[in-house]
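What follows is a single structure, written as structure tokens, with notes after it.
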Amino acid sequence: MSVALPAELDPPDYHQELVARPETLAIMRRIVSAHLDLWDLRELSDAATLCAHELLTNVMRHTGSPLCTITLRRRPDGVRVTVSDSDTAPPERREPDWSEESGRGVLLIAALAAQCGTVMRQDGKDVWADIRAATPAYAR
């Protein structure tokens, strides 16, 4: 007699409400990196971690409230990093003055991500970036 074992479940999405502050950025970088390791997507760690950092920094600098939510969603071809906040203004993509220390976040995210965008909601917005693996997980 054989006993059927349950199929191994994929790890769930990561969802965290937080206050975007300088001291939380380092913690969130470690959490993003750990989840990508868990999901066997280590090669995406640098790009995903940097995107998460930039999205959270934008909440700190450009919204009226540092309260936000970060969501990491494993996808067949990589990971989606989403930061949701209560500000109803979309992120601004602008040509930065290269002598300034800031102003390149949206451009950096666009360069690292296969796709990125914003979903406007009545009570705020979700800003997301898709980081893709060279070889999708299902083909490995």
Side-chain angles (χ1 to χ4, degrees):
M1 179 170 112
S2 64
V3 176
L5 298 175
E8 188 175 320
L9 299 175
D10 284 337
D13 295 345
Y14 176 77
H15 184 80
Q16 176 69 51
E17 292 180 11
L18 65 125
V19 177
R21 292 190 178 131
E23 57 272 17
T24 60
L25 293 178
I27 295 166
M28 291 313 304
R29 287 192 303 267
R30 287 192 298 274
I31 289 171
V32 170
S33 182
H35 272 79
L36 291 170
D37 284 350
L38 175 69
W39 292 338
D40 196 27
L41 294 172
R42 180 172 284 165
E43 74 273 14
L44 304 182
S45 185
D46 289 343
T49 301
L50 186 52
C51 281
H53 177 94
E54 289 299 323
L55 290 170
L56 292 169
T57 298
N58 285 347
V59 171
M60 281 187 335
R61 292 185 178 164
H62 303 294
T63 68
S65 171
L67 299 174
C68 62
T69 303
I70 186 168
T71 303
L72 304 176
R73 176 161 289 143
R74 184 177 179 186
R75 302 177 68 115
D77 58 351
V79 64
R80 174 170 282 188
V81 179
T82 304
V83 172
S84 305
D85 64 55
S86 61
D87 192 61
T88 56
E92 245 184 81
R93 185 182 289 201
R94 62 185 175 100
E95 199 61 39
D97 178 348
W98 292 104
S99 64
E100 293 180 15
E101 289 187 25
S102 64
R104 296 172 195 76
V106 175
L107 291 172
L108 182 58
I109 292 165
L112 291 169
Q115 290 183 310
C116 58
T118 303
V119 176
M120 300 306 297
R121 301 182 327 269
Q122 188 173 0
D123 63 341
K125 65 181 172 297
D126 301 329
V127 184
W128 56 270
D130 285 342
I131 310 300
R132 294 197 179 134
T135 306
Y138 60 81
R140 289 184 214 164

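Minimum interatomic distance between Met120 and Ala89 (heavy atoms only, all atoms of both residues): CE-C, 4.1 Å. Contact record, Trp128 with Thr82: CB-OG1, 3.5 Å, taken as the closest heavy-atom pair. Here the closest non-hydrogen pair linking Cys68 and Leu56 is SG-CD2, 3.7 Å. Here the closest non-hydrogen pair linking Ile70 and Ala52 is CD1-CB, 3.9 Å. What you find for Tyr14 and Ile31 is that their closest heavy atoms are CZ-CG2, 3.4 Å. Taking both residues in full, the closest heavy atoms of Arg74 and Asp13 are given as N-OD1, 3.8 Å, listed atom of the first, atom of the second, then distance.
Residues that satisfy the side chain to side chain donor-acceptor pair (under 3.5 Å) test with Asn58, not counting sequence neighbours, are absent from this structure. Residues passing the side chain to side chain donor-acceptor pair (under 3.5 Å) test with Ser45, sequence neighbours excluded: Ser33. Remark: Asp46 pairs with no residue by the salt bridge (Lys or Arg N to Asp or Glu O under 4.0 Å) rule, at least two apart or across chains. Qualifying ring pair (Phe, Tyr, Trp, His ring centres under 6.0 Å) partners for His53, counting only residues two or more places apart in sequence or in other chains: none. Evaluation of the salt bridge (Lys or Arg N to Asp or Glu O under 4.0 Å) rule for Arg29 yields no partner, not counting sequence neighbours.
Once rounded to the nearest 0.5 Å, the distance linking NZ of Lys125 with OG1 of Thr88 reads 7.5 Å. Rounding to the nearest 0.5 angstrom, the gap separating the CZ atom in Arg132 from the CG atom in Leu44 is 11.0 Å. Taken to the nearest 0.5 Å, the CD1 atom of Ile131 stands 11.5 Å off from the CD atom of Glu43. Considering CZ of Arg121 and CG of Asp126, their distance stands at 4.5 Å, rounded to 0.5 Å. Taken from OG in Ser65 to CG in Asp87, the straight-line distance is 9.0 Å, to the nearest 0.5 Å. Rounding to the nearest 0.5 Å places CG of Leu108 at 4.5 Å from CG of Leu50.
By the criterion of side-chain heavy atoms lying less than 4.5 angstrom apart, applied directly or through intervening Ile, Leu, Val, Met, Phe, Trp or Tyr residues, Val119 is not grouped with Val127; the two fall into different hydrophobic clusters.
With a 4.5 Å cut-off on side-chain heavy atoms, Ser86 and Leu67 do not count as touching.
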Check: residues 18-28 side-chain donor-acceptor pairs under 3.5 Å, at least two apart:
from	atom 1	to	atom 2	distance (Å)
Thr24	OG1	Val19	O	3.1
Thr24	OG1	Arg21	N	3.0
Thr24	OG1	Arg21	O	2.8

